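Below, read A as the first sequence line, B as the second, and so on, with proteins coming before strands; counting in each chain starts at 1. Quantities reported herein were computed from a predicted structural model and do not represent experimental measurements.
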Protein chains: 2
Amino acid sequence: MSVVRTGVSLAAPHTTENTEASASWLNTILKGDCVAALEKLPSRSVDLVFADPPYNLQLGGDLHRPDQSKVDACDDHWDQFESFEAYDGFTRAWLLAVRRVMKPDGSLYVIGSYHNIFRVGAILQDLGFWIMNDIVWLKSNPMPNFRGKRFTNAHETMIWAVKSKDAKPTFNYDALKTFNEDLQMRSDWHLPICTGTERLKDKAGLKVHPTQKPESLLYRVLTASSRPGDVVLDPFFGTGTTGAVARKLGRHYVGVEREQDYIDAATARIAAIEPGDAASLEMQQSKRSQKRIPFGSLLESGLLQPGTELTCPKGRHLAIVRADGSLKSGDHTGSIHKVGALVQGQEACNGWTFWHIQDGRKKAPIDELRKEIRSRLQA
Amino acid sequence: MSVVRTGVSLAAPHTTENTEASASWLNTILKGDCVAALEKLPSRSVDLVFADPPYNLQLGGDLHRPDQSKVDACDDHWDQFESFEAYDGFTRAWLLAVRRVMKPDGSLYVIGSYHNIFRVGAILQDLGFWIMNDIVWLKSNPMPNFRGKRFTNAHETMIWAVKSKDAKPTFNYDALKTFNEDLQMRSDWHLPICTGTERLKDKAGLKVHPTQKPESLLYRVLTASSRPGDVVLDPFFGTGTTGAVARKLGRHYVGVEREQDYIDAATARIAAIEPGDAASLEMQQSKRSQKRIPFGSLLESGLLQPGTELTCPKGRHLAIVRADGSLKSGDHTGSIHKVGALVQGQEACNGWTFWHIQDGRKKAPIDELRKEIRSRLQA
DNA sequence: GTGGGGAGTGAATCAAGCG
DNA sequence: CCGCTTGATTCACTCCCCA
């Protein structure tokens, strides 16, 4: 096994607990078998894994288009397995190796088709992984079904899993929502397949790798489940789409690949990429990670006075602000959240959005005042 | 176990090799456990199976919406399993029972979510079934992810499998292609969930079944993989969507269901349906094979003039018809479908029903003009 | 009748932090 | 680790009510 370095210098991982930013295996491609190569990595050192394992396609003879041209199928030797049992054993082995190097809250994405994805998913569950979502990549330009015997196979399936039910994986909800025109990102991703200049070709104009994934797919995976400086592992590196996108997005990568041709192509490809700088990588700030503002701060700052009257959105409930930062509404007293819940007879309530202050002729939630405090703190 | 008959009389199955059209179990709901009930059916007697087995959801506590309302989760006892092993055993048992009653060239569709579909798919392969496609049902109106911790779960997965690699299943390729505006039917199906008047409710207004499937989904399955007179089995009959669509499309059905409440609801539902007679099925055939009318035909025919103003149903969006058959609305230009999508900010739009023309005091969709063209072509 | 606003809801493995 | 407090979250569509 040898190590190929592209000599990239990037920001330090956001946590260096188990990962030295200068570790020799960072931003390299490890040559060799996936399981053996991963033994070189320390345990709990990887934030995100993207895996595009062999699909175990069971092709019969050659497939020809209606014009009799031959379809350039994926018939490489690495995609051949003798049986489901052999494929299952292979899958279990690399998933266990990957599991060891994943951080406890790290994420794993595996992509596949109906030939293999059901086996992968069941084994994931058997090994104790916890599935967060399955995601379908819908191809806007899939290969048609030439024989007219099936539905056009227009999608692939990706499984997002974590190491255990209790894991708290990175999920950049707000960034994804902004990306998606202020709507929650869904489990169906409409993306074109990898063509044009993005598709690596050799000197003869033939595609270098039969199943090169589009960068847009990796872009979304990394944006969703990693942060700048994180370590992203791809145990089936191929022509390095994962490494290319990682470098663009300011993540570290580690690849494992057996074929020297793919390693050469990936190395050149990644070296040619301009690494993302910090400013352009800044993501939509998660609301959750913002500094917590106690309700009492509104009184301290003078944005609210004791005795001010708050109402619910419909004006049916009234409450008085008291000097200690508590509310009083009828017989109920306590925090803004507790009183909001009590007057509605509910178990819980977000007082920041429930209670409103009269602002001229309009009502405004007291959350507006919190935002004002936050903007003052930043200035 | 008892038998519930709805007394439907339909055309004879297109093959009576192993099925007497007068068999006592045709167009009935067998009450009881799936495996036991299927023992009452002869081997090789079913053309198509649609199965919507328990998903084995592993829900934690209650889930509340941001407005504190409680989500009415699927927590029925029939969806509870002790372990993956228990679920696997259950799955193997019913799949073997189904396998026995399937004709050699029959088709099986199983629907599920990431909680169970990987196990189902792997077991299907282990039992010797041959997967033809996996199909993703994309929901236009899924339940959002309220906590912002995952991608919105916006799809379910369906596996189409046959008994062996050598099977030659019915696949009405041309009908589906015509149905899909002369494009091959793809593996991604965009359909809304079952709501409105289609959703069965009890006297209290509560949904009768927690997971009633939309008829549009079954319509497409039966259209793809069965012929009039075929026998369609649903081993988890629920409220009988499969039976209802089978009756509409002139197929025989057999259902298995354990809960009497569901049987009662399904029986009433199916009895109220007008069976598809030979003539109307013929009509459907011809409608499906209707010639595609390009929008430009409306201009050629003089039914529309260049410069005509079209509006959306609410009159908020305007567009001008151009001589080449494209629309222009603000900065957007393109086909009626594309511009309709753009002005609404949506990914897709059926321009035929979205764009309206002023017809006297009323608005009429331009689809009316297409119908006029078609009637001219037939005359 | 028609249009706008508000309420309701759907197969969901749906919280984090502190003491 | 348990228990309690605090706090963060929704999209598409249908139906009802009322102007």
Next on the checklist: Ring of B:W189, cation from B:R220 - is the NZ or CZ under 6.0 Å from the centre and inside 45° of the axis?
Outcome noted: yes
Checklist entry - Among B:L217, B:I135, B:N133, which residue meets the side chain to side chain contact (heavy atoms under 4.5 Å, CB included) test with B:Y109? => result B:I135
Checklist outcome for this item: Of the candidates D:dT10, D:dA8, C:dC14, the side chain of B:P66 sits closest to D:dT10
Checklist entry - For DNA chain D, what are the stems built from at least three Watson-Crick or G-U pairs in a row, each pair having both distances below 3.5 Å? => result C:2-10 with D:11-19, C:15-19 with D:2-6
Checklist entry - For B:R269, does the CZ atom have more than 12 heavy-atom neighbours from other residues, nucleotides or ligands under 6.0 Å away? => result yes
Next on the checklist: Both B:Q68 and B:N141 contact DNA chain D. Taking the nearest nucleotide for each, which residue is further toward the 5' end?
Outcome noted: B:Q68
Item to check | Pairwise 5' ranking along DNA chain D for B:T197 and B:P144, keeping only the more 5' one | outcome: B:P144
Next on the checklist: Rounding to an integer number of Å, can you tell me how far A:L342 CG sits from D:dT6 P?
Outcome noted: 12 Å
Checklist entry - Which part of the nucleic acid does B:P53 contact within heavy-atom distance under 4.0 Å: base, sugar-phosphate only, or nothing? => result base
Item to check | A:R99 side-chain N/O to A:K163 backbone N/O, donor-acceptor pair under 3.5 Å | outcome: yes
Item to check | Residue-phosphate contact under 4.0 Å: A:Y173 side-chain N/O, C:dA15 OP1/OP2 | outcome: no
Checklist entry - Distance check: side-chain N/O of B:R199 vs OP1/OP2 of C:dA11, anything under 4.0 Å? => result yes
Checklist entry - To the nearest angstrom, how far is B:R147 atom CZ from D:dA8 atom P? => result 12 Å
Next on the checklist: What contact category does B:G61 fall into here, base, sugar-phosphate, or nothing, at under 4.0 angstrom with non-hydrogen atoms?
Outcome noted: base
Next on the checklist: If I take atom CD1 in residue A:I336 and atom C1' in nucleotide D:dA8, what distance separates them, rounded to the nearest angstrom?
Outcome noted: 12 Å
Item to check | A:D367: side-chain hydrogen bond (donor to acceptor under 3.5 Å, both in side chains) partners, not counting sequence neighbours | outcome: A:R370
Item to check | Atom-pair distance (CZ on B:R150; P on C:dA11), nearest Å | outcome: 18 Å
Checklist entry - What does B:L59 touch in the nucleic acid at a heavy-atom separation under 4.0 angstrom: a base, only the sugar-phosphate, or nothing? => result base
Checklist entry - In whole angstrom, what separates A:R370's CZ from D:dT6's C1'? => result 11 Å
Item to check | C1'-based separation of C:dA11 from D:dA8 [nearest Å] | outcome: 24 Å
Next on the checklist: Measuring from the side chain of B:F146 (C-beta onward, heavy atoms only), which nucleotide among D:dC13, D:dA8, D:dT9 has the closest atom?
Outcome noted: D:dT9
Checklist entry - Under 4.0 Å: is that the gap between some side-chain N or O of B:K149 and OP1 or OP2 of C:dA16? => result yes
Item to check | Same-atom distance (P) from C:dT9 to D:dT9, integer angstrom | outcome: 24 Å
Checklist outcome for this item: When rounded to whole Å, the CG to P distance for the pair A:D166 and D:dC2 reads 11 Å
Item to check | SB check A:D188 A:R186 (cutoff 4.0 Å) | outcome: yes
Next on the checklist: I'd like to know whether the aromatic ring centres of A:F171 and A:W160 sit less than 6.0 Å apart in this structure.
Outcome noted: yes
Next on the checklist: Over all strands shown, is B:P192 touching base, sugar-phosphate only, or nothing at heavy-atom distances under 4.0 angstrom?
Outcome noted: nothing
Checklist entry - When the distance from CD of A:Q184 to P of D:dT9 is rounded to whole Å, what number comes out? => result 11 Å
Checklist entry - Just checking A:R186: base, sugar-phosphate only, or nothing, at a heavy-atom cut-off of under 4.0 Å? => result nothing
Item to check | Where protein sits on nucleotides 4-9 of chain C, one letter per nucleotide: B base, S sugar-phosphate only, - none, heavy atoms under 4.0 Å | outcome: ---S-B
Checklist entry - If you look at every strand shown and take non-hydrogen atoms under 4.0 Å, does B:N153 touch a base, only sugar-phosphate, or nothing? => result sugar-phosphate
Next on the checklist: Classify A:D182 by what it touches in the nucleic acid, base, sugar-phosphate, or nothing, heavy-atom distance under 4.0 Å.
Outcome noted: sugar-phosphate
Checklist entry - What nucleic acid atoms does B:T152 come within less than 4.0 Å of, heavy atoms only: base, sugar-phosphate, or nothing? => result nothing
Checklist entry - What is the nucleic acid contact for B:T211, judged by heavy atoms within less than 4.0 Å: base, sugar-phosphate only, or nothing? => result base
Checklist entry - If you measure only the distance, is there a donor-acceptor pair under 3.5 Å linking the side chains of A:H337 and A:S335? => result no
Next on the checklist: What's the closest nucleotide to the side chain of A:W352 if the choices are C:dA12, D:dA8, C:dA16?
Outcome noted: D:dA8
Next on the checklist: Mind checking if B:Q212 touches a base, just sugar-phosphate, or nothing, with heavy atoms under 4.0 Å?
Outcome noted: nothing
Item to check | Basic-acidic side-chain contact under 4.0 Å: A:K168, A:D105 | outcome: no
Item to check | Pairwise P distance, D:dA12 and C:dC14 [rounded to whole Å] | outcome: 23 Å
Next on the checklist: Looking at A:H337, I'd like to know whether one of its side-chain N or O atoms comes within less than 4.0 Å of OP1 or OP2 on D:dG7.
Outcome noted: yes
Next on the checklist: With heavy-atom distances below 4.5 Å as the criterion, would you say the side chains of A:W352 and A:I336 are in contact?
Outcome noted: yes
Next on the checklist: Measuring only the P atom in each nucleotide, how far is D:dT5 from C:dA12? A whole number of Å is fine.
Outcome noted: 30 Å
Checklist outcome for this item: Distance col, row A:I117:CD1 vs A:I159:CD1, nearest 0.5 angstrom, shows 4.0 Å
Checklist entry - Can the positive tip of B:R119 be found less than 6.0 Å from the middle of the six-membered ring of B:Y87, inside 45° of the ring normal? => result no
Checklist entry - In whole angstrom, what separates B:K70's NZ from C:dA12's P? => result 12 Å
Checklist entry - Base, sugar-phosphate, or nothing for A:K177, non-hydrogen atoms under 4.0 angstrom? => result sugar-phosphate
